[in-house]
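One structure is given here, and the rest of the page talks about it.
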Amino acid sequence: ANDFVVQSGTLTTTSNNYQMFISSSVRLNDGRFKANGSTITVSANWLDDSTTARFSKDTSVVKFLGTGNIAYGNFYNVSIAESGMEVSIIGSLAVTNKIIYKGGTVLGAAVGTWGTSQNPLEIYPGTIMNNTMLYISDTGGTKYLPSYSGYPDLSLRCYVSGGSTFYLETGGITAGDVEIFGIMYHASTLDLNGQPFNCEKLTLAMGSVAPGRLVASSENIDCGSGGIDIQLGGQFIAGNSTVYCGGDFKNQNGFNYGNSTVILNAVSTQTLHNSTTFYALKALTNGATVQFYEGRTFYVANKIDFQDIYLRSTTPGSTWYFNYSGSSQTVKNCTVSDSNASASDEPIIATDNCTNDGNNTNWVFDATTLTWDGSEGTDWNTAANWNYNQVPSANSIVIIPDVTNDPSLGSYVTISSITIESGAVLNLNTYNLTVASDVYISGQLSASSTEQITVGGSWYAYSGSTFTYATSTATF
């Protein structure tokens, strides 16, 4: 047929393997079309003048071969957007079992599938999805989400008891906003299955009692400027993953941090809204601001790395609380204000031109006095060998007391000043030492080769002290 119009009444195909070829468009006016298990091939438009179901799809297959519009389509199996063709969705397009994108372009409104098939989507190379959203409202069990870079906004939901799990296929996905919802008592889970996951915003939410859940193992997860929103009942099981967050981080008690690393990488300002425990937390974007919600506590169990950023409260002058219990901290060239870290296992050491912008507790800023304890051996560059678990920097005032393990340099060192107490020994170990101000020696300073010792202030060698100079050079 050319145009195929059902003006009124009901048209029913008489066979489950009936074949229809329509070289132009299908229009359902006041009539109904019962397809049974037929295969219907359409070259142009599918126009249903009503949002009511005038097409009884049964188990039929509808194939769109050309460029055209689909208005309020409701299908069982459908293939759209052949290579080089463009299909516009008007109103919506709903699919019960499976939709195949054939390599063309999809524009317009939302597409939704109930996903009774284990593979509810098939996407050919070259497909471009420029429609507003793709809904997958699942009917339970195990499903697979094909690898594709260019999903529109994506919504995963489940409507049956027992819940459903979507697994990413090899290659991972890139999408707009992604939301994963449990509906009523039915959990909906996206398992990244070892594949990369990229979106503009991630939202995890609960129905009445069942969660929307994301499960990661060791993947890279990149959420853009929309950030991460773990709503009440939503769950983010992070595993060993690396999570990039370019917007706000909201967590209503659903972030299971595992051994993950969260990297805050907004280019301007982003906010941590809820008390949250992280395993490792980083923020390294030069000039960016990380705001911590006033009055709330943020926990880090293993590692912090803050460099070249501002750490502030959401309300200037109001305190945010920081509880660090890890073993590795780096805070360099940061401006910090309104932070109370008194519950941390040790002070937060802010070095390399960090600025104390006021109202900070249990933070230690530049020009810190660092005392050697040698608790982990003789290596100068091991942070655990120093009282604040921090290797000295150019602004550090260094004290070497008489302890079991004497320090030995492992690289060139620049510090502000140094005191070597009676009975203590500092071994230069062939490496140069630069001291911006004064040197105080009551114990022993030992060179072994041609080290360069540069002193910007005075050299005080007290009674009983020793300087083993070898072939070194001292410059004042």
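Nothing fancy with the numbering, it's 1 onward along the sequence.
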Least distance between heavy atoms, L192 atom then A216 atom: CD1-CB, 4.0 Å
S56 and R32, any side-chain heavy atoms less than 4.5 Å apart: no
Salt bridge (Lys or Arg N to Asp or Glu O under 4.0 Å) pairs, two or more places apart, involving residues 248-272: none
Side-chain heavy atoms of V336 within contact of F306, under 4.5 Å: no
Trace of the side-chain contact (heavy atoms from CB on, under 4.5 Å) decision for N362 with I348: CA-CA 6 Å; N362 206 29; I348 309 301; 5.8 Å; no
4.5 Å side-chain heavy-atom contact, I221 and L214: yes
Which atom of T319 lies closest to which atom of N340, heavy atoms considered: CG2-CB, 3.6 Å
Side-chain H-bond candidate by donor/acceptor type, E86 with T67, under 3.5 Å: no
From CG (N77) to OG1 (T39), nearest 0.5 Å: 9.0 Å
Backbone N/O of S60 and side chain of D58: donor-acceptor pair under 3.5 Å: no
Test item: side-chain donor near acceptor, S24 and D3, under 3.5 Å: yes
Flag, side chain of N74 to backbone of K57, donor-acceptor distance under 3.5 Å: no
Check: A35 main-chain N/O paired with T13 side-chain donor or acceptor under 3.5 Å: yes
Side-chain donor or acceptor of W380 paired with backbone N/O of V391 under 3.5 Å: no
Euclidean distance, S38 OG relative to Y76 OH, rounded to 0.5 Å: 14.0 Å
Backbone N/O of C245 and side chain of Q270: donor-acceptor pair under 3.5 Å: yes
Point-to-point distance, once rounded to the nearest 0.5 Å, from OG of S396 to CD of Q390: 7.5 Å
Step-by-step side-chain contact (heavy atoms from CB on, under 4.5 Å) determination, F197 to E219: CA-CA 8 Å; F197 175 81; E219 301 86 355; over 6 Å; no
Backbone N/O of N45 and side chain of S25: donor-acceptor pair under 3.5 Å: yes
All ring pair (Phe, Tyr, Trp, His ring centres under 6.0 Å) counterparts of Y151, not counting sequence neighbours: Y148
Ring pair (Phe, Tyr, Trp, His ring centres under 6.0 Å) pairs, two or more places apart, involving residues 22-46: F4-F33, F33-F55, W46-F55, W46-F75
Close side-chain approach of L204 to Q235, heavy-atom, < 4.5 Å: no
V413 and Y431: CA distance, side-chain angles, deciding distance, side-chain contact (heavy atoms from CB on, under 4.5 Å) verdict: CA-CA 8 Å; V413 168; Y431 293 99; over 6 Å; no
Polar side-chain atom of D308 near backbone of G287 as donor-acceptor pair, under 3.5 Å: no
For D30, all residues meeting side chain to side chain donor-acceptor pair (under 3.5 Å), sequence neighbours excluded: R54
Check: E169 and N119 side chains under 4.5 Å, non-hydrogen atoms: yes
Considering all heavy atoms, the nearest Y324-S327 contact: OH-N, 3.1 Å
Distance, nearest 0.5 Å, that separates CD1 of I100 from NZ of K63: 8.0 Å
Aromatic ring pairing W320/F322, orientation class (parallel under 30°, perpendicular over 60°, tilted between): perpendicular
Test side-chain contact (heavy atoms from CB on, under 4.5 Å) applied to N395 and N353, step by step: CA-CA 8 Å; N395 294 317; N353 301 311; 4.1 Å; yes
Anything under 3.5 Å between a donor and an acceptor, one on a side chain of residues 289-297, the other on a protein residue two or more places apart or in another chain? List them.
from	atom 1	to	atom 2	distance (Å)
Q291	NE2	T271	OG1	2.9
E294	OE2	T315	OG1	2.3
R296	NH1	H273	O	2.5

Aromatic contact, F249 with F278 (centres under 6.0 Å): yes
Min side-chain heavy-atom separation V215-T165 under 4.5 Å: no
N130 (side chain) donor-acceptor with L107 (main chain) under 3.5 angstrom: no
Residue pair F365 / C354: nearest heavy atoms and the distance that separates them: CD2-CB, 4.0 Å
Residues that K102 engages under salt bridge (charged side-chain N to carboxylate O under 4.0 Å, His left out), provided they are two or more places apart: E82
Side-chain touch L284/I309, heavy atoms, less than 4.5 angstrom: no
Short side-chain to backbone donor-acceptor contact, N29 and G31, under 3.5 Å: no
Euclidean distance, T277 OG1 relative to N323 CG, rounded to 0.5 Å: 8.0 Å
Y244: which of I228, D222, V262 passes side-chain contact (heavy atoms from CB on, under 4.5 Å): D222
Nearest heavy-atom neighbours spanning I349 and V331: O-CB, 3.5 Å
Note, I99 side chain near Y101 side chain (heavy atom, < 4.5 Å): yes
Donor-acceptor pair, side chain of N265 and main chain of G246, under 3.5 angstrom: yes
Side-chain H-bond candidate by donor/acceptor type, N274 with N251, under 3.5 Å: no
Inter-residue atom distance F236.CZ - S260.OG, 0.5 Å rounding: 7.0 Å
Closest heavy-atom pair and its distance - E200, D177: CB-OD1, 3.5 Å
